[in-house]
Asker: 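My structure is below; once you've seen it, I'll send some questions.
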Amino acid sequence: MTDASTPALLTIAPMTVAVLRETVPVAALTEFFDRAFTMVPSVLAQQGIVAAGPPMAVYSGVPSGVATVAAGVPTATPVSPVHGVSSLTLPAGRVARVIHRGAYDALGESYQALTDWLHEQGLEPGPMMWESYLTEPTPGGDPADLLTEITWPLAR
């Protein structure tokens with residue numbers, strides 16, 4: 001069973017994120033995430049930078065057959081670019097946020113519910129959105145226990 005919390009509107013501060021960015025086929029996202037979530041922490045360790053939040057993925061546009069995605073972790077300071085890892089600053093401003101509970105392959109349901117809710121409020125989602133992975137999958141763990149925070153900045 002998959003469910004989402006009640007969406008909320010809030011105003012956020014800018015956030016620096018150390019990321020690996022690529023455009024990949026949606027079918028290859030898992031491989032990309034495995035690579036990014038190995039490379040980014042390695043680069044941070046080499047530079048003495050500590051993660052300042054949970055792993056996340058930032059999407060430029062709604063993925064269809066391919067996704068333009070950046071995956072990494074928030075940091076208090078920018079990373080020096082190396083091995084394809086660089087810093088990205090997520091913008092300050094008004095966002096809609098919802099917590100998805102359940103497997104990653106059901107995230108589309110929560111995105112659709114959030115999109116519907118935004119339209120009911122007379123609001124328009126912007127072209128970028130991100131997911132923060134609040135719980136880490138574990139071997140043998142129940143995917144129903146995964147928590148993913150979806151943040152979608154509003155269009156101006």
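Below, all heavy atoms of this structure are taken into account, side chains as well, without hydrogens, waters or symmetry copies. On a predicted model such as this, the values are computed, not experimentally measured, just so you know.
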Asker: Measure from the side-chain N and O atoms of Thr89 to the backbone N and O of Thr16, and report whether any donor-acceptor pair falls under 3.5 Å.
Answerer: no
Asker: Rounded to the nearest 0.5 Å, how far does CD1 of Ile99 lie from CG of Leu134?
Answerer: 5.0 Å
Asker: What about Ile12 and Leu88, same hydrophobic cluster or not, with Ile/Leu/Val/Met/Phe/Trp/Tyr joined at side-chain heavy-atom distances under 4.5 Å?
Answerer: yes
Asker: State the CG-CG distance between Leu123 and Leu118, to the nearest 0.5 angstrom.
Answerer: 6.0 Å
Asker: Name the residue from Val95, Leu90, Val58, Leu10 that meets the side-chain contact (heavy atoms from CB on, under 4.5 Å) definition with Thr151.
Answerer: Val95
Asker: Specify the closest pair of heavy atoms between Leu114 and Pro7, including all atoms of both residues, with the distance to one decimal.
Answerer: CD1-CB, 3.8 Å
Asker: Return the minimal non-hydrogen interatomic distance between Ala51 and Val73, and the atom names on each side.
Answerer: CB-CG2, 3.8 Å
Asker: Taking Val62 as the starting point, is it possible to reach Val24 by hopping between hydrophobic residues whose side chains are less than 4.5 Å apart?
Answerer: yes
Asker: State yes or no: do Ile150 and Val19 share one hydrophobic cluster built from I, L, V, M, F, W and Y residues joined by side-chain heavy-atom distances below 4.5 Å, directly or via other members?
Answerer: no
Asker: Quick check for you: to the nearest 0.5 Å, what is the distance between Leu107 atom CG and Gln112 atom CD?
Answerer: 13.0 Å
Asker: Specify the closest pair of heavy atoms between Ala52 and Ala76, including all atoms of both residues, with the distance to one decimal.
Answerer: CB-N, 4.0 Å
Asker: Are His83 and Val43 close enough that some pair of their side-chain heavy atoms sits under 4.5 Å apart?
Answerer: yes
Asker: Please find the pair of heavy atoms, one from Thr135 and one from Tyr104, that lie closest to each other, and give the distance.
Answerer: O-OH, 3.8 Å
Asker: For the atom pair CD1 (Ile49) and OG (Ser87), what is the distance rounded to the nearest 0.5 Å?
Answerer: 7.0 Å
Asker: Yes or no on side chain to side chain donor-acceptor pair (under 3.5 Å) for Glu109 and Tyr111, after CA distance, side-chain angles and deciding distance?
Answerer: CA-CA 5 Å; Glu109 297 170 24; Tyr111 273 102; over 6 Å; no
Asker: Examine the side chains of His100 and Ser110 and answer whether a donor and an acceptor come within less than 3.5 Å of each other.
Answerer: yes
Asker: Are Leu29 and Trp130 joined in one hydrophobic group, where the rule is that I, L, V, M, F, W and Y side chains link up if heavy atoms are under 4.5 Å apart?
Answerer: no
Asker: Between Tyr59 and Val17, is there a shared hydrophobic cluster once you connect ILVMFWY residues whose side-chain heavy atoms come closer than 4.5 Å?
Answerer: no
Asker: Out of curiosity, Gln46 CD to Ser80 OG, how far, rounded to the nearest 0.5 Å?
Answerer: 11.0 Å
Asker: Looking at OG1 of Thr148 and CE of Met56, how far apart are the two atoms once the value is rounded to the nearest 0.5 Å?
Answerer: 11.5 Å
Asker: Can you name the closest pair of heavy atoms from Trp152 and Met129 and give their distance?
Answerer: CZ2-CE, 3.3 Å
Asker: Determine yes or no for a side-chain-to-main-chain donor-acceptor pair under 3.5 angstrom, with Glu149 supplying the side chain and Val98 the backbone.
Answerer: no
Asker: Taking Ser60 for its side chain and Met128 for its backbone only, find out whether a donor-acceptor pair lies under 3.5 Å.
Answerer: no
Asker: Begin with the C-alpha distance, continue with both residues' side-chain angles, and end with the deciding distance and a verdict on side-chain contact (heavy atoms from CB on, under 4.5 Å) for Leu9 and Arg94.
Answerer: CA-CA 7 Å; Leu9 292 175; Arg94 287 189 67 203; 3.2 Å; yes
Asker: Can you give me the closest heavy-atom contact between Val40 and Ala71, atom names plus distance?
Answerer: CG2-O, 3.7 Å
Asker: Mark yes or no for whether Ser42, through its side chain, and Thr38, through its backbone, hold a donor-acceptor pair below 3.5 Å.
Answerer: no
Asker: I would like to know whether Val79 and Thr75 meet side-chain contact (heavy atoms from CB on, under 4.5 Å); could you show each step before the answer?
Answerer: CA-CA 8 Å; Val79 66; Thr75 58; 5.8 Å; no
